[in-house]
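Keep in mind the model is a prediction, meaning the values are calculated, not measured.
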Amino acid sequence: AEHAAEGGHAEHGEAPFFRHYVGVSGGAATHTNNNDTGGALGLSYAYKLSHRWAAGIKLEYASSDVERDRVAMIGVTYEPVERVELAFAFGVERADLDEVEHGEEHTVSETEGLVRLTFAYLFPLSERWNLGPEFNADITGSRVTYVYGLLLAFGL
């Protein structure tokens, strides 16, 4: 196990251990307050603290017909069993909403604190590459947004 943690190579069929992971996610975001769904794209970095725990950051952009969100978060990930990830993050969401008032359309910007709960399952594509579905619930003071799609992660 020490050799795997130092060099990144596992022995006897164990999964390799990399300290750094870079991820790209793509999918959709559904805003529950107005049932508006659009595309979502994210970029993340995680540092493995141990085989089960990681800490990291994520930047994400989601856009739909009514709303555009930019999210920045820091959080922790726990892996209760191999390939299953549960995460908790907090950060800031800036939402630009298109509203119609008195017959005129204008954009309103809101900035709120955000808590994200995540479930993901990663399939190994190779020693360094993983791909899998990811489901997130973003909770703010005024709404809940579901962000779901695929995550592609690369171990360094």
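Between S25 and L41 the shortest heavy-atom distance is O-CD1, 3.2 Å. The two residues L86 and P80 have their closest heavy-atom pair at CD1-CG, 4.0 Å. Heavy atoms only, all atoms of each residue included: S63 and R68 are closest at OG-CG, 3.4 Å. Pairing each heavy atom of G132 with each of L122, the nearest pair is N-CD2, 3.8 Å. Between Y148 and T30, the shortest heavy-atom distance links the atoms OH-OG1, 2.7 Å. Scanning all heavy atoms of the two residues, the minimum distance from L97 to E67 falls at CD2-OE1, 3.2 Å.
F123 and Y121 have their aromatic ring centers within a separation under 6.0 angstrom.
A distance of 8.5 Å separates OG in S44 from CD1 in I57, rounded to the nearest 0.5 Å. Note that the CD atom of E99 and the OG1 atom of T107 stand 9.0 Å from one another [nearest 0.5 Å]. The distance from the OG1 atom of T77 to the CZ atom of R52 is 14.0 Å, given to the nearest 0.5 Å.
Using a cutoff of 4.0 Å between basic side-chain nitrogens and carboxylate oxygens, E79 and K48 are scored as salt-bridged.
The neighbour count for E104 CD, taken as heavy atoms of other residues, nucleotides or ligands under 6.0 Å away, does not exceed 12.
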**Request:** Let me see the working for D96 and R70 under side chain to side chain contact (heavy atoms under 4.5 Å, CB included), right down to the final yes or no.
**Result:** CA-CA 9 Å; D96 295 330; R70 289 171 299 286; 2.8 Å; yes
**Request:** Would you please test V22 and H20 for side chain to side chain contact (heavy atoms under 4.5 Å, CB included) and show each step?
**Result:** CA-CA 7 Å; V22 175; H20 308 275; over 6 Å; no
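Cluster annotation: L125 is connected to L156 through the hydrophobic network of ILVMFWY side chains, with a link wherever side-chain heavy atoms come within less than 4.5 Å. Following chains of ILVMFWY side-chain contacts shorter than 4.5 Å, one can reach Y45 starting from L152, so the two form part of one hydrophobic cluster. The hydrophobic cluster containing Y47 also contains F90, counting ILVMFWY residues as joined when their side-chain heavy atoms lie under 4.5 angstrom apart, directly or transitively. Residues Y61 and L43 do not share a hydrophobic cluster, clusters being chains of Ile/Leu/Val/Met/Phe/Trp/Tyr side chains in contact below 4.5 Å. Under the 4.5 Å side-chain heavy-atom criterion for ILVMFWY residues, a single connected hydrophobic cluster contains both I74 and L49.
No side-chain heavy atom of E85 sits less than 4.5 Å from a side-chain heavy atom of T118. With contacts defined as side-chain heavy-atom distances shorter than 4.5 Å, the pair E60/D69 does not qualify. Here the side chains of P124 and R83 are in contact, with some heavy-atom distance below 4.5 Å. Between S142 and N33 the shortest side-chain heavy-atom distance does not fall below 4.5 Å.
The aromatic rings of F18 and Y21 sit perpendicular, their planes meeting at an angle over 60°, well past the 30° parallel limit. Note: F135 and Y146 have parallel aromatic rings, judged against thresholds of 30 and 60 degrees for the angle between ring planes.
No side-chain N or O of R143 forms a donor-acceptor pair with one of T32 less than 3.5 Å apart.
Shown are L114, D138, T37, T140; of these, the side-chain contact (heavy atoms from CB on, under 4.5 Å) with T145 is made only by D138.
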